[in-house]
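Encoded as C-alpha cells, the structure appears first; notes follow it.
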Amino acid sequence: MPELPEVEVTRRSFADAIEGARVEAVRLGKPLRWPLGIEPGALKGQRVGQALRRGKYLWLPLEKGGLLMHLGMSGSLNFSAASSAPGFHDHFDLQTDRGLLRLTDPRRFGAVVWSPSLEDDPAAKLLSTLGLEPFDPRFDGAHLHAGLSGRRVAVKLALLAGDIVVGAGNIYACEALFRAGIDPRVPAQKVSRPRAAKLAAAVRGVLAQALEAGGTTLRDFKDAHGVAGSFQMQAEVYGREGLPCLHCGTKIKRIVQGARSTFFCPSCQKR
DNA sequence: AAATCGTCCTGGCGGC
DNA sequence: TGCCGCCAGGACGATT
C-alpha cells in the first residue's frame, strides 16, 4: 500500500524525466475514486511542471492547473519513453512527447483529479485536513504531543488519521510505535511528552529508512520505472504475527484497530 | 469536536 | 480441483 515513502520514491523516479514535457493525449480507463473533473482534451498541448508531493498525494502541475494524484491501495505510476497498449488495470494515461505516464490500479481506490491550482478546490479541500510533513522541522515531540492531546482514540489510530503528521499508513505506524516502545492501544491523550518526542523521532526515522529502501513492496508497488521497494525485509513487526520479536523473542501479536491489522510486541511496547 | 461507520474495489487466499 | 465467500486497506463523507 503506497504510504509516504512509496509516493515519494515514485515522484523522484519520474519528476525530472517528465518536467517540461508536453501533453499529447489523455486516456481514461475505468472510473477511479473521483472523476477527473475536466474534459481530457483540455489538457492537450500543455507543458508539465515539477511534480510535487504532499502527504500521499502527488501534484503534477500543468500550464493551466494541474493533476492531483493518489495511489490509493494498489496504485502505481509508470513512466516510459515507449507507449504501449493499456492493460486491464490501467486507468489513466498521460501521453506526452517524452513518454507515457500511466496509472495502474487494480482496486481503483486511487484518483487523478484536475484542479485549477493547489490553493483552489478540489485540491485545496483534499489537502486541507493534512497534518505536517514528517520531515518538516516543525514536526517534533511538542507538535505530536499537542496533536495527541484531547483524543481518546488509540495512539495508532490518531497517527493513521494523518491530521497531526502525514505519511504513516498502517505499515509505518506499526513500525514507528514498535521503535518508540509504545503500545498501539494506548489512548492518544495518555502518551507523555517524552514518549511523544520518541514517537515523533521514530516516525521520521522509519519513513526515512523506508525511503532509502525504495519503499515497501508487498504486492503491487513499483516506482515509475518498475522497480520494487525492499523495506518489507526490514519490518520488525508488520506482517510478523506469531514470529519472535527481533529484540526480545516474545511472539508478535496481531490485533484489529479501526478495521485494520496492528502488529506489535506485547513485551517491548508498553502502555 | 471527536469518534464511528459505511463505502469504494478486486486479487488472493482459506475452506470445503 | 474448483468454486465460493471473505478480507485488506486509505481516506473521504455522513452520522452520531
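Because the structure is a prediction, the values reported are computed rather than measured. Labels below follow one simple rule: chain letters A, B, ... track the order of the sequence lines, proteins then strands, and each chain is numbered from 1.
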Would A:F178 and A:H247 count as a close aromatic pair, with their ring centres under 6.0 Å? yes

Hey, what do you get for CZ (A:R185) to CG (A:D183), rounding to the nearest 0.5 Å? 4.0 Å

Over how many whole Å does the gap from A:L157 atom CG to B:dC5 atom P extend? 11 Å

Starting at OH of A:Y238 and ending at C1' of C:dG9, how long is that distance when rounded to a whole Å? 8 Å

Kindly indicate whether the side chain of A:R151 and the base of B:dA3 share any N or O donor-acceptor pair separated by less than 3.5 Å? no

Is there a side-chain polar atom (N or O) of A:H89 under 4.0 Å from OP1 or OP2 of B:dG11? yes

Phosphate OP1/OP2 of C:dC12 contacted by A:Y57 side-chain N/O (<4.0 Å): yes

Within this structure, what is the CE-to-P distance between A:M73 and C:dC12, rounded to whole angstrom? 15 Å

If only side-chain N and O atoms of A:R260 are considered, is one of them under 4.0 Å from the OP1 or OP2 phosphate oxygen of C:dG10? yes

Could you label the plane-to-plane angle of the A:Y238 and A:F263 rings as parallel, tilted or perpendicular, counting under 30° as parallel and over 60° as perpendicular? perpendicular

If I take atom CZ in residue A:R108 and atom P in nucleotide B:dT7, what distance separates them, rounded to the nearest angstrom? 17 Å

For C:dA11, does OP1 or OP2 lie under 4.0 Å from any side-chain N or O of A:H70? yes

Length of the CG-P vector between A:D163 and B:dA3, whole Å: 10 Å

Below 4.0 angstrom from OP1 or OP2 of C:dG10, is there any side-chain N or O of A:Y172? no

So with a 6.0 Å cut-off around CZ of A:R138, is the heavy-atom count from everything else above 12? no

Side-chain N,O (A:S261) to OP1/OP2 (C:dG9) below 4.0 Å: yes

Does A:K56 make a side-chain N or O approach to OP1 or OP2 of C:dA11 shorter than 4.0 Å? yes

Counting only side-chain nitrogens and oxygens, does A:K125 get under 4.0 Å of the OP1 or OP2 atom of C:dC12? no

A cation-pi test, strictly: NZ or CZ of A:K156 under 6.0 Å from the centre of the six-membered ring of A:F264 and no more than 45 degrees from its axis. Yes or no? no

Nearest whole angstrom, please: distance from the P of C:dG9 to the CG of A:N170. 5 Å

Counting heavy atoms from C-beta on, name the nucleotide in C:dC12, C:dG9, B:dA3 closest to the side chain of A:L126. C:dC12

Measure CZ/A:F88 against C1'/B:dC9 and give the value in whole Å, please. 11 Å

Can you check the A:L130 CG to C:dA11 C1' distance for me, whole Å? 10 Å

